[in-house]
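All values derive from a computational prediction rather than experimental measurement.
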Amino acid sequence: AWAAWMCHLRLLKKAGHSIRKFLQVKDDVRFHSLTVVGAVRFGSPLLCSRAPPLLQNIRVVLVNTSHPGNIGGAARAMKNMGLSRLVLVEPRLFPHHEADARASGAGDILENAQVVATLEDALVGCNLVLGTSARDRRIPWPLLDPRECGTKVVEEAGQGAEIALVFGREDSGLTNEELQRCHYHVHIPSDPEFSSLNLGAAVQVLSYEVRMSWLAAQGQPSKVEKDEVASTKSGELATMDELERFYEHLEQTLVAIEFLDPEKPRHLMARLRRLYGRSSVSRAEMNILRGILTETQKAARGELLKRK
């Protein structure tokens, strides 16, 4: 019977149907979980081809998740940060419409999720395992904060290592036995007065730190600057001779409007030089400033009134 069932699944796959979609038409939720475990645990993890190669080495493992919405939230957090491999250890309800709803655009992560029976199955092939943990464990263990975790994960994945980020149950986390399977424990330093994080939020924190480390390793910017609607020269910094001409123009203007007394300068120009010097003024910005000064001088001479 088992061989016939596996043959049937292979035929469905060839016909272009996902195992998960087929199982959704069943009524018995426990049958869902059991069947997916049996069908997927012996296969290789499905990867999202859009994820960068380094990030494909990282799998997120959720252990005994009780609420399907949290699985969807975790999938969305992963996709936000470019992670694609999700492994579920004996989820209570999966697949489930609440997981789909909370995934909100990350349905492909759920479609390709690998469901297994034990944490040992989830960690097959892993070279580095990091498990989330509270700080107050009896057994001392190498402990990382999320930023250190992100750096470590990217360093190891960059060398071809298979990495697992393991998250425990919503109410009790990982057991001591499960934590002992991890090379490192990761503690998110939340407020001790309200330290419990939603599972999706915890996945988001570690996924974000992994992405920031990956961006740094790739030499990519972590901030998106707005493009200036101007010429390509708008980003070029003003040269020293241009700045000197600006300071001369500024001083003449301040004298003209009687803001600066040449007899008692009180270090005003020195302070203004320091102000503009640390502002990294571009050539485009310099042109604007010079234009303002020119119009101010005209106003001081009464030329603007003559125009009217």
| request: Look at Glu156 together with Lys152 and state whether they make a salt bridge at an N to O cut-off of under 4.0 Å. | output: yes
| Can you name the residues that form a side-chain hydrogen bond (donor to acceptor under 3.5 Å, both in side chains) with Glu170, not counting sequence neighbours? | Ser66, Asn70
| field | Min side-chain heavy-atom separation Arg102-Glu98 under 4.5 Å | value | no
| field | Min side-chain heavy-atom separation Val186-Leu165 under 4.5 Å | value | no
| query | Can you check whether Arg266's main-chain N or O pairs, donor with acceptor, with Arg271's side chain at less than 3.5 Å? | reply | yes
| message | Would you compute the distance between atom CG of Asp145 and atom CD of Glu209 and round it to the nearest 0.5 angstrom? | response | 8.0 Å
| request: Could you check if a side-chain atom of Leu110 sits within less than 4.5 angstrom of a side-chain atom of Pro95, using non-hydrogen atoms only? | output: no
| remark: Residues Leu119 and Val89: closest non-hydrogen pair is N-CG1, 3.7 Å
| said: Taking the side chain as everything from C-beta on, heavy atoms only, tell me whether Leu62 gets closer than 4.5 Å to Val203. | reply: yes
| Main-chain N/O of Arg169 paired to Asn64 side chain as donor or acceptor, under 3.5 Å | no
| Linking I/L/V/M/F/W/Y whenever any side-chain heavy atoms sit under 4.5 Å apart, do Leu237 and Leu250 land together? | no
| request: Output every pair passing ring-ring contact (aromatic ring centres under 6.0 Å, His included) with a member in residues 253-287, not counting sequence neighbours, ordered by first then second residue. | output: Phe246-Tyr276
| query | Just wondering, are more than 12 heavy atoms of other shown residues or ligands nearer than 6.0 Å to CZ in Arg245? | reply | yes
| Heavy-atom closest contact (Val63 atom, Glu178 atom, distance) | CG1-OE2, 3.7 Å
| field | Expected output: side-chain Arg59 to main-chain Ala122 donor-acceptor under 3.5 Å | value | yes
| message | Check whether Thr65 reaches the backbone of Arg92 with its side chain - one donor and one acceptor, N or O, closer than 3.5 Å. | response | no
| Mind checking what makes side-chain contact (heavy atoms from CB on, under 4.5 Å) contact with Gln204, not counting sequence neighbours? | Ala77, Asn80, Met81
| query | What's the spacing between His96 NE2 and Ile71 CD1 if we round to 0.5 Å? | reply | 10.0 Å
| Between Thr239 and Arg283, is a side chain to side chain contact (heavy atoms under 4.5 Å, CB included) present by the stated rule, with each step listed? | CA-CA 8 Å; Thr239 62; Arg283 281 183 167 176; 3.6 Å; yes
| request: Verify the cluster assignment for Leu260 and Ile292: are they in a single hydrophobic cluster under the rule of side-chain heavy atoms below 4.5 Å apart? | output: no
| task | Check whether any side-chain heavy atom of Leu55 sits under 4.5 Å from a side-chain heavy atom of Arg211, and report yes or no. | result | yes
| field | Heavy-atom pair with the smallest gap, counting every atom of Ala103 and Arg76 | value | O-CB, 3.4 Å
| request: Determine whether more than 12 heavy atoms belonging to other residues, nucleotides or ligands lie under 6.0 Å from atom CD of Gln220. | output: yes
| Full working for side chain to side chain contact (heavy atoms under 4.5 Å, CB included) between Asp121 and Val87 | CA-CA 10 Å; Asp121 292 334; Val87 183; over 6 Å; no
| field | Same apolar cluster: Ile288 and Met286, side chain cutoff 4.5 Å | value | no
| message | According to ring-ring contact (aromatic ring centres under 6.0 Å, His included), who are the partners of Tyr184, at least two apart in sequence or on a separate chain? | response | none
| Checking side chain to side chain contact (heavy atoms under 4.5 Å, CB included) for the pair Cys126/Ile163: CA distance, chi angles, key distance, verdict? | CA-CA 6 Å; Cys126 284; Ile163 315 293; over 6 Å; no
| query | Any side-chain heavy atom of Tyr247 sitting closer than 4.5 Å to one from Leu272? | reply | no
| request: Assess whether atom CD of Glu120 is packed by more than 12 heavy atoms of other residues, nucleotides or ligands within 6.0 Å. | output: no
| message | Could you measure the distance from the CG atom of Leu86 to the CD1 atom of Ile109? Nearest 0.5 Å is fine. | response | 7.5 Å
| task | Measure the spacing between CG of Leu197 and CG of Asp191 and express it to the nearest 0.5 Å. | result | 10.5 Å
| message | Please enumerate all residues that pass side-chain contact (heavy atoms from CB on, under 4.5 Å) together with Ala101, with sequence neighbours excluded. | response | none
| Heavy-atom pair with the smallest gap, counting every atom of Ser213 and Val154 | CB-CG2, 3.6 Å
| field | Where Ser207 and Leu83 come nearest, the two heavy atoms and their spacing | value | OG-CD1, 3.6 Å
| request: Write down the atom of Pro189, the atom of His187, and the distance for their closest heavy-atom approach. | output: CD-O, 3.4 Å
| message | Enumerate the ring-ring contact (aromatic ring centres under 6.0 Å, His included) contacts for residues 194-216, please, sequence neighbours excluded, ordered by first and then second residue. | response | none
| message | Between Val124 and Val129, is there shared hydrophobic-cluster membership here, with clusters defined by ILVMFWY side-chain heavy atoms closer than 4.5 Å? | response | no
| task | Measure the spacing between OG1 of Thr253 and CD of Glu248 and express it to the nearest 0.5 Å. | result | 10.5 Å
| message | To the closest 0.5 Å, what do you measure between SG (Cys149) and CG (Leu128)? | response | 8.5 Å
| message | Within the 4.5 Å heavy-atom criterion, are Arg273 and Leu243 side-chain neighbours or not? | response | no
